[in-house]
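Protein chains get the first letters and strands the later ones, always in sequence-line order, with residue 1 at the start of each. The shown structure was predicted, so the numbers you read here are calculated from the model rather than taken from an experiment. Computed from heavy atoms alone, side chains included, the values below leave out hydrogens, waters and symmetry copies.
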Protein chains: 2
Amino acid sequence: MVEWRRDTSRWRQVANTIRARIESGTYPPGWLISEKAITDEWGIARTTARKAIAWLRDQGLIYTRPGYGSFVGPEPDDDA
Amino acid sequence: MVEWRRDTSRWRQVANTIRARIESGTYPPGWLISEKAITDEWGIARTTARKAIAWLRDQGLIYTRPGYGSFVGPEPDDDA
DNA sequence: AGATATTTGTTCGTATGTATC
DNA sequence: GGATACATACGAACAAATATC
């Protein structure tokens with residue numbers, strides 16, 4: 001069960017919690033963050049989880065590989 | 001940037017502009033009109049874009065396929 | 001190579017709450 | 001009070017990318 005605050009949207013609360021985990025090292029660089037993991041942990045809809053992920057991506061905290069998932073850290077270079 | 005008139009609602013202004021594009025051939029039959037394209041171009045909320053689309057649909061100018069988008073022209077028959 | 005499963009990408013349908021005019 | 005407008009949040013369907021068998 002999750003305790004939601006009423007003064008902020010759910011996707012912001014989720015995004016902030018994940019950001020804290022990244023900054024504390026709970027989610028180290030390279031850690032995989034999937035939409036399903038988020039929806040399962042917080043019991044939210046996929047669209048809501050995607051908003052949180054999009055925000056984290058905009059912040060440069062993660063990058064996303066279609067068909068695979070999102071990873072903690074900066075977008076790696078293409079070349080070897 | 002968009003210049004909004006004050007004497008009409010935004011969704012009407014958007015709908016009228018799109019209608020003009022359809023009638024002038026800028027948007028030919030089969031042209032895809034998505035909610036996102038509208039919200040991006042005019043900087044309006046999705047609900048507002050949906051009101052414009054609903055109006056165009058009521059006018060018979062477009063038809064909508066859930067999960068795909070709205071297309072210029074009459075609703076096609078189901079059977080091949 | 002081919003089929004299948006998983007995951008993200010995209011889009012519409014619907015509903016609710018809030019604020020403004 | 002009603003119409004308009006925005007943000008949020010749920011669900012559903014299908015497409016595309018990726019990985020596995």
Fill in the blank from the handout: Between Ala49(B) and Ala45(A), whichever has its closest DNA chain D nucleotide further toward 5' is Ala49(B)

Problem - Test item: Thr48(B) and Val14(B) side chains (from C-beta on) under 4.5 Å apart, heavy atoms - result: no

Completion exercise
Nt span of DNA chain D in reach of chain A heavy atoms at under 4.0 Å, 5' end first, is dT8(D) to dA19(D)

Problem - Length of the CD1-P vector between Ile53(B) and dT11(C), whole Å - result: 11 Å

Exercise for the section: Decide yes or no for Thr64(B) and Ile33(B): does some side-chain heavy atom of the first lie under 4.5 Å from some side-chain heavy atom of the second? Expected result: no

Handout entry: Residues in contact with DNA chain D, drawn from residues 62-74 of chain A - heavy-atom cutoff 4.0 Å
Key = Arg65(A), Pro66(A), Gly67(A), Tyr68(A)

Practice task
Could you say whether Lys36(B) or Glu35(A) is positioned toward the 5' end of DNA chain C, judged by the nucleotide with the nearest heavy atom to each?
Solution key: Glu35(A)

Exercise for the section: Looking at every strand, decide which applies to Ile44(A) at a 4.0 Å heavy-atom threshold: base, sugar-phosphate, or nothing. Expected result: sugar-phosphate

Problem - Residue pair Val72(A) / Leu61(A), side-chain heavy-atom distance below 4.5 Å - result: no

Problem - Side-chain donor/acceptor of Arg46(A) to base of dG9(C), under 3.5 Å - result: yes

Exercise for the section: Starting at atom CG of Asp7(A), determine the distance to atom C1' of dT18(C), rounded to an integer number of angstrom. Expected result: 15 Å

Problem - Close side-chain approach of Trp42(A) to Thr17(A), heavy-atom, < 4.5 Å - result: yes

Problem - Side chain to side chain, Ile62(B) and Phe71(B), heavy atoms closer than 4.5 Å - result: no

Handout entry: Side-chain heavy atoms of Trp11(A) within contact of Trp55(A), under 4.5 Å
Key = yes

Exercise for the section: Please round to the nearest 0.5 Å and tell me the distance separating atom CG of Leu32(A) and atom OG of Ser70(A). Expected result: 8.0 Å

Problem - First encountered from the 5' end of DNA chain C, between Thr47(B) and Arg50(A) - result: Arg50(A)

Exercise for the section: Give, for atom CD of Gln59(A) and atom CD1 of Ile22(A), the distance between the pair rounded to the nearest 0.5 Å. Expected result: 10.5 Å

Exercise for the section: For residues Glu35(A) and Arg50(A), determine if any side-chain heavy atom of one lies less than 4.5 Å from a side-chain heavy atom of the other. Expected result: yes

Fill in the blank from the handout: Under a 4.0 Å heavy-atom cutoff, the residues of residues 8-15 of chain A touching DNA chain D are Ser9(A), Arg10(A), Trp11(A), Arg12(A)

Practice task
Using whole Å, report how far CG of Asp40(A) lies from C1' of dT7(C).
Solution key: 13 Å

Handout entry: Gap separating the CD atom of Gln13(A) from the OG1 atom of Thr8(A), nearest 0.5 angstrom
Key = 5.5 Å

Problem - Flag side-chain contact, heavy atom, 4.5 Å: Arg57(A) against Tyr63(A) - result: no

